[in-house]
Q: 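Take a look at this one; I'll ask things after.
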Amino acid sequence: MAATRILAIETATAACSAALSIDGEVEERYALAPRQHAALLLPMVESLLASAGLSVTQLDALAFGQGPGAFTGVRIAASAAQGMAFAANLPVVPVSTLAALASGAMRETGETHVMVALDARMDEVYWGVYARGAAGLPVLQGREAVAAPAAVPIPDGDRWIAAGSGWEACADRLVPRAGERVVRLLPDLEPRAHDIALIGADRFARGEAGCAGDAVPVYLRDQVVRAPGS
């Protein structure tokens, strides 16, 4: 059986990354480079493909971080994935940026439960609660949301990892609410294409890929995409 080849990209935060998964073995290019994503992403992709001796048309699917996150960054990943998918006639697998961050936290710590909070500005956070599933990947508990720190649903139980920039930006309100549930705080952890690739490969194997037109961003905050006064 031929190896499964998934190219993944993630640009929703200050970090920019691309990764190539070949039968679960992942190679990644990563840079913490705010406002440089458009210039860095394509060279990262080209480097990965050259290292593996592949062309885009030899891939099985493209996975991308669909957000939520920075408006421009989320659009870059969606547009790049859609463009490559149309050009090479490849399926796409959208992956939540929050899920990718939860996956990274699980990989780093070995823990199984993660509260993700990304700084959404406007005194709000992008919020998601995840538990490790049977495949070793994060499974969303409830739903993702954008909300004020005082309004996010803190889960019950103990031994939670708190990951993402929202835990620093809104630490004075989130940390006291989480209390002793949190065993480790990772406010500097960024979502990475490595985890987009892992989640994307799993979803592709389960038949959850879509067409190029499905490569659209998820903002969560509706007013980001509405014109003033609309």
Side-chain angles (χ1 to χ4, degrees), residues 8 10-17 19 26 28 30-32 34 65-71 73-74 77 94-200 202-203 218-221 224:
E10 169 55 55
T11 61
T13 67
C16 177
S17 57
V26 181
E28 184 186 50
Y30 173 89
L32 188 60
Q66 66 178 356
F71 178 66
V74 171
V95 176
S96 163
T97 293
L98 302 184
L101 189 50
S103 175
M106 291 175 185
R107 285 196 300 114
E108 178 167 325
T109 65
E111 296 288 342
T112 60
H113 292 76
V114 184
M115 291 184 279
V116 176
L118 279 180
D119 184 9
R121 312 296 181 184
M122 298 172 63
D123 201 32
E124 291 181 321
V125 294
Y126 298 119
W127 180 260
V129 175
Y130 295 86
R132 179 182 287 162
L137 297 171
V139 176
L140 179 64
Q141 311 296 294
R143 65 183 183 89
E144 295 180 346
V146 58
V152 298
I154 301 294
D156 295 329
D158 54 10
R159 295 206 65 83
W160 287 89
I161 300 299
S165 58
W167 288 97
E168 180 175 20
C170 302
D172 58 330
R173 283 149 296 167
L174 281 180
V175 173
R177 289 194 63 209
E180 296 182 357
R181 295 177 180 86
V182 173
V183 295
R184 189 168 175 187
L185 191 62
L186 301 172
D188 297 326
L189 193 67
E190 298 283 353
R192 301 183 69 132
H194 185 120
D195 297 288
I196 298 290
L198 295 177
I199 297 170
D202 178 70
R203 292 183 180 170
V218 168
Y219 300 106
L220 289 185
R221 180 186 285 144
V224 171

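The first residue of the sequence shown is numbered 1, and numbering continues consecutively from there. In this text, all values refer to a predicted model and were calculated from it rather than measured experimentally.
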Q: Would you say the side chain of P68 lies within less than 4.5 Å of the side chain of L98, judging by non-hydrogen atoms?
A: yes

Q: Can you run down the ring pair (Phe, Tyr, Trp, His ring centres under 6.0 Å) pairs that involve residues 142-161, sequence neighbours left out, and say none if there aren't any?
A: H113-W160

Q: Mind checking the CH2-CG spacing from W127 to L118? Nearest 0.5 Å is all I need.
A: 11.0 Å

Q: Could you check S17 against H194 for side chain to side chain contact (heavy atoms under 4.5 Å, CB included), going step by step and ending with a plain yes or no?
A: CA-CA 8 Å; S17 57; H194 185 120; over 6 Å; no

Q: Given 3.5 Å as the limit, does a donor-acceptor pair link the side chain of R132 with the main chain of E111, or not?
A: yes

Q: Would a 4.5 Å heavy-atom cut-off, applied to side chains only, mark P155 and M115 as touching?
A: yes

Q: So which atom in V152 and which in A147 form the shortest heavy-atom distance, rounded to 0.1 Å?
A: CG1-CB, 4.0 Å

Q: What's the shortest heavy-atom distance between P149 and L174, and which atoms?
A: O-CD2, 3.8 Å

Q: Checking T109 against L186 for the side chain to side chain contact (heavy atoms under 4.5 Å, CB included) test, could you report, in this order, the C-alpha distance in whole Å, the side-chain angles of both residues, the deciding distance, and whether it holds?
A: CA-CA 10 Å; T109 65; L186 301 172; 3.9 Å; yes

Q: Please confirm whether the backbone N or O of P138 pairs with a side-chain atom of S103, one donor and one acceptor, at under 3.5 Å?
A: no

Q: What side chain to side chain donor-acceptor pair (under 3.5 Å) pairs are there with at least one residue in residues 162-177, not counting sequence neighbours?
A: D123-R173

Q: Which heavy atom of G133 sits nearest to which heavy atom of V139, and what is that distance?
A: CA-CG2, 3.7 Å

Q: Return the minimal non-hydrogen interatomic distance between A12 and V74, and the atom names on each side.
A: CB-CG2, 3.8 Å

Q: In chain order, what residues pass the salt bridge (charged side-chain N to carboxylate O under 4.0 Å, His left out) check against E144, with sequence neighbours excluded?
A: none

Q: How far apart are the closest heavy atoms of D195 and A100, and which atoms are they?
A: CB-O, 3.5 Å

Q: Apply side chain to side chain contact (heavy atoms under 4.5 Å, CB included) to L137 and Y130, showing your working.
A: CA-CA 9 Å; L137 297 171; Y130 295 86; over 6 Å; no

Q: So, for M106 and A131, which heavy atoms are closest and what is the spacing to 0.1 Å?
A: CE-C, 3.7 Å

Q: So, do L189 and L101 sit near enough that their side-chain heavy atoms are less than 4.5 Å apart?
A: yes

Q: What residues form a side chain to side chain contact (heavy atoms under 4.5 Å, CB included) with A135, not counting sequence neighbours?
A: D202

Q: So R107 and L198, do their side chains get closer than 4.5 Å, heavy atoms only?
A: yes

Q: According to side chain to side chain contact (heavy atoms under 4.5 Å, CB included), who are the partners of R203, at least two apart in sequence or on a separate chain?
A: V93, V95, I199, R206, E208

Q: So which pairs with a foot in residues 180-190 pass side chain to side chain donor-acceptor pair (under 3.5 Å), sequence neighbours left out?
A: T13-E190, E108-R184

Q: Going through the checks in order, is the side chain to side chain contact (heavy atoms under 4.5 Å, CB included) test met by V183 and I161?
A: CA-CA 6 Å; V183 295; I161 300 299; 3.9 Å; yes

